[in-house]
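FYI, side chains are in, hydrogens and waters are out, and symmetry mates aren't considered; it's all heavy atoms of this structure.
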Amino acid sequence: STGAGATFGTHTITASGGVADNYEVDFATGTLTVSKASLTVTADNKEKVYGAAEPVLTYTPSGTLYYGDSYDVISGVELATSTGAGATFGTHAITASGGTAANYDISHVNGTLTVSKADLHLINAVASGKTYDGNIDTTISGDLSVIFYSGNVTLDSAAGTFADKNAAEGKVVTPALTITGADAFNYNFIQPVGLTADITPRDLVLSNFTADSRIYNGTTHTTGTFSDDRLGTDDLEFSYEVDFDSKDWGFGKTVNFTDIVISGGLDSGNYSLVTATGIATADITRKDLSFTLIDKSKIYGSVDPVFEIMYDGFVSGEGPSDICSEVFIYRKTGETVGDYDIKVILIGRYDLDGNPGTVLNYNIPSNDGDGALDGVLAVFSITPKNLTVNNAVAQSKTYDGNPDTIITGGILVGKVGSDDVEIDGVSGTFDNKDAGPDKPVTAALTLKGTKKDNYTLIQPLGLTADIYK
């Protein structure tokens with residue numbers, strides 16, 4: 001009754017008409033059974049970002065349609081995911097079920113929902129500044145952008161790094177943040193950009209000031225060292241002045257460290273001095289000073305020469321006035337021929353004058369019993385004065401077999417004042433005993449008197465006389 005377009009179900013097959021010679025024809029009906037054709041519903045694959053709304057689920061039908069049918073014949077198909085809108089990062093099945101289509105059986109093929117990670121940002125990100133500590137580490141604070149479904153996600157590491165360890169303002173900070181929590185795997189964490197912060201110089205404290213003792217040199221300057229609390233092996237150089245409170249000798253003197261500055265070193269910019277001064281104590285010991293008196297002499301009866309002294313050890317610009325009020329050089333008394341000590345007295349020497357305003361900065365000998373410097377001596381010599389003889393006459397004689405003669409008429413020249421000295425012996429000697437005119441005579445005069453030892457007699461020359469036959 002339906003023809004070729006018979007629908008699903010059973011239909012009557014009727015027989016009619018027909019003839020047969022000699023027979024009567026009876027008709028019995030038959031049944032046409034029509035089964036359903038097959039159609040397939042395939043769930044479409046879908047994608048979404050974690051936290052986004054569930055995509056619209058769709059399907060694609062397939063299979064052969066008959067008699068002008070369209071896929072619109074399908075209705076009532078249900079599509080669903082196992083997780084719903086809160087699907088986590090990864091892949092999830094999209095299931096297709098149900099649905100009807102007249103004259104068709106429907107089969108189902110599942111699809112796949114692919115969920116990608118959501119971008120997670122740190123908003124209000126701030127890099128922390130710090131005081132110089134010798135490393136590049138810092139921390140970063142801020143708020144995580146939206147966490148979906150009240151998930152368990154927190155910052156795990158808030159670390160950041162400066163480009164280098166050195167102190168400066170507005171230094172670039174590179175973040176190295178991480179997240180943690182049961183739901184962290186659903187996020188692609190985006191590091192913040194454009195972060196800067198300051199590293200401020202570290203206060204540097206100086207301690208253990210130690211000054212070097214030294215010998216007096218006429219200045220206050222000395223040398224010294226100190227410690228500091230720099231980090232590790234940081235490289236610092238300093239310039240500074242070190243001076244005693246005065247130039248004069250003394251023990252346990254105050255020493256001032258001044259004008260201390262960090263003058264160099266690879267890490268000089270990473271520190272700020274808390275103070276530029278310091279105090280220590282040290283000694284200035286007296287400087288050795290030697291004295292040399294110069295030997296002097298004079299001829300008997302003359303005026304004493306000027307006495308001289310030499311010093312070895314005075315610092316530049318200083319001299320005798322820096323050890324006493326007056327230097328007095330004298331000799332032992334006496335005017336006869338001989339040697340006499342030359343000595344020196346430091347009048348008002350500064351270590352003995354009792355005046356707190358004067359300071360002796362030199363090591364000098366102590367005084368001897370005469371008040372002179374002990375052991376500082378020279379020799380003053382008085383040498384004999386020459387006496388000459390005027391008007392001396394060698395006496396002629398008759399040959400007597402020897403060369404002796406006498407000299408008469410001599411007058412001493414050069415005597416000092418009324419000194420008791422005069423010619424004593426008047427001997428002379430011819431060049432030989434033989435007779436002859438104008439024979440040379442060598443004088444051998446001698447002196448007598450209480451002052452004779454202060455003189456040297458110069459014998460008269462050019463004397464002649466005769467020895468007669």
Side-chain angles (χ1 to χ4, degrees), residues 208-226 240-260 277-298 303-335 338-382:
N208 299 324
F209 288 88
T210 302
D212 297 322
S213 297
R214 61 164 175 80
I215 298 171
Y216 174 76
N217 64 8
T219 72
T220 60
H221 185 68
T222 187
T223 54
T225 59
F226 48 79
Y240 52 94
E241 297 294 329
V242 188
D243 292 279
F244 286 97
D245 56 355
S246 73
K247 71 180 181 67
D248 297 322
W249 84 283
F251 297 104
K253 292 173 65 70
T254 297
V255 179
N256 295 304
F257 289 70
T258 58
D259 300 330
I260 305 173
T277 60
I279 296 177
T281 59
D283 305 332
I284 296 180
T285 55
R286 285 172 168 152
K287 190 176 189 300
D288 288 341
L289 180 65
S290 63
F291 303 79
T292 302
L293 289 167
I294 308 302
D295 290 340
K296 293 290 183 176
S297 65
K298 74 171 185 176
V303 177
D304 282 2
V306 175
F307 296 120
E308 296 178 88
I309 189 171
M310 295 177 63
Y311 307 93
D312 184 17
F314 278 123
V315 301
S316 177
E318 294 191 355
S321 63
D322 294 289
I323 58 174
C324 64
S325 57
E326 182 182 351
V327 176
F328 175 64
I329 305 173
Y330 72 99
R331 69 174 179 88
K332 290 293 186 178
T333 58
E335 291 299 331
D339 292 334
Y340 302 85
D341 287 341
I342 302 174
K343 306 181 79 173
V344 59
I345 294 176
L346 302 182
I347 299 173
R349 55 184 284 173
Y350 292 159
D351 57 337
L352 300 177
D353 64 355
N355 181 358
T358 57
V359 179
L360 181 63
N361 292 309
Y362 295 90
N363 286 318
I364 61 176
S366 58
N367 290 345
D368 63 13
D370 296 330
L373 293 181
D374 191 19
V376 181
L377 299 170
V379 176
F380 178 71
S381 299
I382 300 178

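Between the side chain of R286 and the backbone N or O of L289, no donor-acceptor pair lies under 3.5 Å. Side-chain atoms of Y350 come within 3.5 Å of backbone N or O of S321 as a donor-acceptor pair. Using a distance-only test at 3.5 Å, with no hydrogens or angles considered, a donor-acceptor pair links the side chain of D368 to the main chain of D370. Formation of a donor-acceptor pair under 3.5 Å by the N256 side chain with backbone atoms of T258 is not found in this model. The main-chain N or O of V242 is never found under 3.5 Å from a side-chain atom of T222 such that the two would form a donor-acceptor pair. Under a 3.5 Å cut-off, the side chain of D295 and the backbone N or O of V379 do form a donor-acceptor pair. Although no hydrogens or angles enter the test, the distance criterion places no donor-acceptor pair under 3.5 Å between the side chain of R349 and the main chain of L360. Side chain of K296 to backbone of A378: no donor-acceptor contact under 3.5 angstrom is found. A donor-acceptor pair is defined here as one N or O able to donate and one able to accept, closer than 3.5 Å; no such pair exists between the side chain of T210 and the backbone of T225. Under a 3.5 Å cut-off, the side chain of D259 and the backbone N or O of Y240 do not form any donor-acceptor pair.
Taking the charged nitrogens against the carboxylate oxygens, K287 and E318 have no contact shorter than 4.0 Å, which rules out a salt bridge.
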Item checked: side chain to side chain contact (heavy atoms under 4.5 Å, CB included) evaluation trace for F307 with V344 -> CA-CA 10 Å; F307 296 120; V344 59; over 6 Å; no

Checklist line | Full working for side-chain hydrogen bond (donor to acceptor under 3.5 Å, both in side chains) between T219 and N217 | finding: CA-CA 6 Å; T219 72; N217 64 8; 2.8 Å; yes

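Residue D312 places its CG atom among 12 or fewer non-hydrogen atoms of other residues, nucleotides or ligands, all under 6.0 Å distant. Atom CD1 of I215 has 12 or fewer neighbouring heavy atoms from other residues, nucleotides or ligands inside a 6.0 Å radius. Shown here is L352, whose CG atom has more than 12 heavy atoms of other residues, nucleotides or ligands within 6.0 Å.
Each of V376, L373, L377, D374 was compared with K343 under the side-chain contact (heavy atoms from CB on, under 4.5 Å) criterion, and only L377 meets it.
Taking the six-membered ring for Trp and thresholds of 30 and 60 degrees, F328 and Y330 have nearly parallel ring planes, at less than 30 degrees apart. Between Y362 and F314, the ring planes are perpendicular. Angles over 60° get that label, and only those under 30° would be called parallel.
Of all heavy-atom pairs between F226 and I260, the closest is CZ-CG2, 4.0 Å. Closest of all the heavy-atom pairs between F209 and I279 is CB-O, 3.6 Å.
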